Amino acid sequence: MSSQERYHEPEQAPQAERQARVIPLRPRSVRTTPVAPVSPVSPASPPKPKEPLWRDVVGDVLRRERQAQERTLKDVAEAARISMPYLSELERGRKEASSEVLAAGARALGLSLADLLSLAQTELSRQASVSLAQPTRPRQGDIRLAA
């Protein structure tokens, strides 16, 4: 048997047999995009600013400190002995880190855990003062003074 006979192309199957069958996961009649109920918004009440999540604030501080030191994710992750993807998710506020992981990340950046939390608290206070500067609707029992 020659090498050409051994490795020859099989005959082409008919076009209908070569096409892939697609089985939809949902029936076509079902809407795939949920429709949110429309609620009336009164013009007197501006939308309330969202309070930042702790993981977002801590992640911002970690990223800012790492970038200020001009270090890479890989470098800091290796020094902290955590995976690079996990550190990236911490910085983006996608993961809630344990105190041990936060302490390791802080040490890798030359900070103590107290330093990291202090920086995060300062950032949280700054964000809170910005949101307080926006006018809010008085709640029952609030005292407002006119100037």
Side-chain angles (χ1 to χ4, degrees), residues 3 6-7 9-10 12-13 15-147:
S3 63
R6 227 179 307 160
Y7 297 108
E9 291 291 320
Q12 294 292 326
Q15 182 71 18
E17 290 179 16
R18 289 189 301 157
Q19 288 186 355
R21 281 186 359 177
V22 177
I23 302 171
L25 296 176
R26 292 188 184 102
R28 292 177 193 246
S29 62
V30 176
R31 283 185 93 135
T32 56
T33 343
V35 178
V38 178
S39 62
V41 177
S42 66
S45 63
K48 292 181 181 177
K50 282 178 51 178
E51 286 194 45
L53 297 176
W54 179 248
R55 66 178 183 233
D56 290 331
V57 175
V58 171
D60 288 343
V61 170
L62 285 171
R63 174 169 281 161
R64 199 169 38 250
E65 287 297 314
R66 178 180 61 79
Q67 289 175 340
Q69 295 176 17
E70 297 180 354
R71 294 176 65 188
T72 64
L73 266 173
K74 183 179 180 183
D75 175 41
V76 175
E78 286 175 355
R81 300 188 64 150
I82 57 178
S83 74
M84 192 171 66
Y86 188 70
L87 178 59
S88 174
E89 288 188 333
L90 288 177
E91 286 186 355
R92 290 182 289 138
R94 306 275 176 144
K95 295 286 184 187
E96 293 276 355
S98 68
S99 57
E100 291 86 0
V101 171
L102 288 178
R107 276 193 309 273
L109 292 167
L111 303 170
S112 69
L113 182 59
D115 292 336
L116 175 68
L117 299 181
S118 176
L119 290 168
Q121 187 272 335
T122 302
E123 178 63 20
L124 193 58
S125 296
R126 187 193 64 76
Q127 290 181 14
S129 66
V130 167
S131 68
L132 286 176
Q134 297 178 352
T136 59
R137 228 174 76 204
R139 296 176 302 223
Q140 186 175 359
D142 280 356
I143 299 172
R144 302 284 173 136
L145 301 175

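Because the structure is a prediction, the values reported are computed rather than measured.
In this structure, the separation between CG on Leu109 and CZ on Arg63 is 12.5 Å, given to the nearest 0.5 Å. The CG atom of Leu119 sits 12.5 Å away from the CG atom of Leu124 when rounded to the nearest 0.5 Å. In this structure, Ser118 OG and Leu111 CG are separated by 10.0 Å, a value rounded to the nearest 0.5 Å. Here the straight-line distance linking atom OG1 of Thr72 with atom CZ of Arg66 works out to 7.0 Å at 0.5 Å rounding.
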Show which side-chain atoms of residues 73-86 pair as donor or acceptor with protein atoms under 3.5 Å away, not counting sequence neighbours.
| residue | atom | partner | partner atom | Å |
| --- | --- | --- | --- | --- |
| Asp75 | OD2 | Arg71 | NE | 2.7 |
| Asp75 | OD2 | Arg71 | NH2 | 3.3 |
| Ser83 | OG | Tyr86 | N | 3.2 |

Return all side-chain donor-acceptor pairs below 3.5 angstrom for residues 52-61, not counting sequence neighbours, or 'none' if the list is empty.
| residue | atom | partner | partner atom | Å |
| --- | --- | --- | --- | --- |
| Arg55 | NE | Gly93 | O | 2.7 |
| Arg55 | NH1 | Glu96 | OE2 | 3.4 |

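Checked for salt-bridge contact, Glu89 and Arg94 miss the test: no charged N lies under 4.0 Å from a carboxylate O.
Applying the side-chain contact (heavy atoms from CB on, under 4.5 Å) rule to Ser125 yields the partners Gln121; only residues at least two apart in sequence or on another chain are considered. Every residue meeting the side chain to side chain donor-acceptor pair (under 3.5 Å) condition with Ser112, not counting sequence neighbours, appears here in chain and number order: Asp115. With sequence neighbours excluded, the residues that form a side chain to side chain donor-acceptor pair (under 3.5 Å) with Glu123 are Arg126, Gln127.
Screening residues 104-113 for salt bridge (Lys or Arg N to Asp or Glu O under 4.0 Å) gives no qualifying pairs among residues at least two apart or on separate chains.
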